[in-house]
Amino acid sequence: MSIYQPEKECMDRDEIKKIQSEKLVWQVKRMYENVELFRKRMDEKGLKPEDIKGVEDLSKLPFSYKQDLRDYYPYGLFAVPLKDVVRIHASSGTTGKQIVVGYTRNDLKIWDECMARQLVAAGGSDESIVQVSYGYGLFTGGLGAHGGAEHIGATVVPTSSGNTQRQIQTMIDFKSTILCCTPSYALYLGETVEEMGVKDKLSLKAGVFGAEPWTEDMRKAIEDKLGIKAHDVYGLSEIMGPGVSYECECQKGMHINEDNFIAEIIDPDTGEVLPEGSTGELVFTAVTKEAFPVIRYRTRDICSLNYERCECGRTFIRMNKPTGRTDDMLIIRGVNVFPSQIEEVLLRLGANVTPNYQIIVDRVNNSDTLEVQVEMSEDIFSDDVKSIEKIEKTIKDNLKSVLGLSAKVTLVEPKSIVRSEGKAKRVIDNRKL
Ligand code: DLL
């Protein structure tokens, strides 16, 4: 396997630290000048940009949170004028309002480079035919993978997600060699390939899968069904999108693109930085991002970092697969869903339903399913099937427009959802991970 930018990906650790320090000092200064919230938080801590001299001072800096993006929606945290922003992406917030991120031309170049490193680590080159079956649009998956593939000169097949049988026919006819999509979609594609009996017609060699948690068992199943090597890729919109970290041929954790992102593991309750190798909340500082930079961003992902040298020769540290989250965000078919978004829809619809609801997530035929059970109000409770169906449809349509996902909606009798004496347990997640 080759390495896309060995001069960067295999840099001496001292060199990485030096670069991170220089860029951090630059980033803190410009954010202090341009981002009101950051300046306010620095002032509250009695910190001036001059107090930050390098990575050793990182832990002095204030954290940033998903809530900040909501409070400063849409553009309030940008560090450049909008005329310098060439792309916007967005992702689910905790309520109906999305969180918005922006990129300058240079940000896109860096993103392309990071994703290019992933694709080359998966065996990609200018001879590859890369089928991008992540969703295109405000979600970062489609255009993120697309940019990386073009960057290495590969031939991109931008199918986006869905239309599974046609997707497979395209894969066969266009001789796609690398597949990029969510692992659950990869598995679904693999099963459909089996059903269609066309595995021997595929030219696929590798896959780059991420945007949601997946297990080693799932990896084996995907590799087996599609006859490929499956690589894990991690990222989040707030930091960049896919390619914040990437898995090499060793398949033992994802190398963090440390020339752009500094990772820390903290105790989610106290905010203390934990010793090397500990499991805790992953925090990122984006030192090169121009349009939407973040310092010490709380990802809410739980994982650990691996500082051991990797056999592939890359010197960037690796993050292990995230094992969970510190918040209640669910990832359903690759889409981020907060229970509060569902609650908001129900409250908005008012009288016919009560805010007593239960979210049931499951995996059927390797595809995630979402069911929302909602209690009817006493007034509407009747045997009139037509009106019940109408209400169910209204809720379903509203959920679809807010979440971007189809959910099964079932109205249940008043007082039939189990009441809790403590915190309501709104979510039943039956997926085995
Ligand atoms: O999911 C970006 C992405 C697109 C990553 C395509 C990889 C491939 P968001 O929609 O903002 O961005 O969701 C970010 O998804 O905080 C994690 O909880 C989860 N996540 C992303 N990649 C992985 C992964 C994209 N490889 C959130 N393993 C993150 C586990 C992942 N969880």
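Quick note: numbers below take in every heavy atom, side chains included, and nothing from hydrogens, waters or symmetry partners. When a ligand or atom number is given, it counts from 1 through the structure's own listing order.
When all heavy atoms of Asn320 and Cys303 are compared, the closest pair comes out as O-CB, 3.6 Å.
If you number the atoms of ligand 1 from 1 as listed, the ones under 4.0 Å from a heavy atom of Ser237 come out as 9 (P), 10 (O), 11 (O), 12 (O). For ligand 1, the atoms sitting less than 4.0 Å from at least one non-hydrogen atom of Gly141 are 4 (C), 6 (C), numbered in the order shown with element in parentheses. Which parts of ligand 1 touch Asn336 is read off a 4.0 Å heavy-atom cut-off, strictly below it: atoms 9 (P), 10 (O), 11 (O), 13 (O). The Ile331 neighbourhood of ligand 1 comprises atoms 15 (O), 18 (O), 19 (C), with distances under 4.0 Å to a heavy atom of that residue. The distance from ligand 1 to the heavy atoms of Tyr134 drops below 4.0 Å at these ligand atoms: 6 (C), 8 (C). Distances below 4.0 Å separate heavy atoms of Arg325 from the following atoms of ligand 1: 16 (O), 18 (O).
Checking Tyr32 against Asp43 by side-chain atom types alone, a donor-acceptor pair falls below 3.5 Å. Judged by distance alone, the side chains of Thr288 and Asn260 do bring a donor and an acceptor atom under 3.5 Å apart.
Within 6.0 Å of the CD atom in Glu216, the count of heavy atoms belonging to other residues, nucleotides or ligands exceeds 12. Other residues, nucleotides and ligands contribute more than 12 heavy atoms inside 6.0 Å of the NZ atom of Lys60.
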Discussion item. Ile3 vs Cys10, test: side chain to side chain contact (heavy atoms under 4.5 Å, CB included). Steps then yes/no.
Written reply: CA-CA 9 Å; Ile3 298 180; Cys10 306; 3.8 Å; yes
Practice prompt. Show your working on side-chain hydrogen bond (donor to acceptor under 3.5 Å, both in side chains) between Ser59 and Glu264 and close with a plain yes or no.
Written response: CA-CA 9 Å; Ser59 61; Glu264 297 170 276; 5.7 Å; no
Practice prompt. Start with the C-alpha gap between Asp68 and Phe38, add the side-chain angles, then the distance that decides, and say whether side chain to side chain contact (heavy atoms under 4.5 Å, CB included) holds.
Written response: CA-CA 10 Å; Asp68 300 341; Phe38 181 69; over 6 Å; no
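When heavy-atom distances to ligand 1 are checked against a 4.0 Å cut-off, Ser91 comes that close only through its side chain, counted from C-beta outward. With a 4.0 Å heavy-atom cut-off, ligand 1 is reached by the side chain of Thr140 but not by its N, CA, C or O. Contact annotation for Glu212 and ligand 1: only backbone heavy atoms (N, CA, C, O) come within less than 4.0 Å of the ligand.
For the pair Lys289 and Tyr103, the cation sits on the ring face: its NZ or CZ lies under 6.0 Å from the ring centre, inside 45° of the axis.
Contact annotation: Pro322 has at least one heavy atom less than 4.0 Å from an atom of ligand 1. Heavy atoms of Phe209 come nearer than 4.0 angstrom to ligand 1 in no pair at all. Ligand 1 lies out of reach of Lys321, whose nearest heavy atom is not under 4.0 Å from it.
On a distance-only criterion, Asp232 and ligand 1 share at least one N/O pair closer than 3.5 Å. For a threshold of 3.5 Å applied to N or O pairs, the pair formed by Thr299 and ligand 1 contains no separation below that value. Here's the thing with Ala211: one of its N/O atoms is less than 3.5 angstrom from an N/O atom of ligand 1.
Side chain of Asp107 to backbone of Glu290: a donor-acceptor contact under 3.5 angstrom is found. Under a 3.5 Å cut-off, the side chain of Gln131 and the backbone N or O of Gln167 do form a donor-acceptor pair.
Taking atom 18 (O) of ligand 1 as the reference point, the nearest protein heavy-atom neighbour is Asp301 OD1, 2.6 Å.
Taking each of Gly241, Gly235, Gly210 in turn, the one with a heavy atom nearest to atom 21 (C) of ligand 1 proves to be Gly235.
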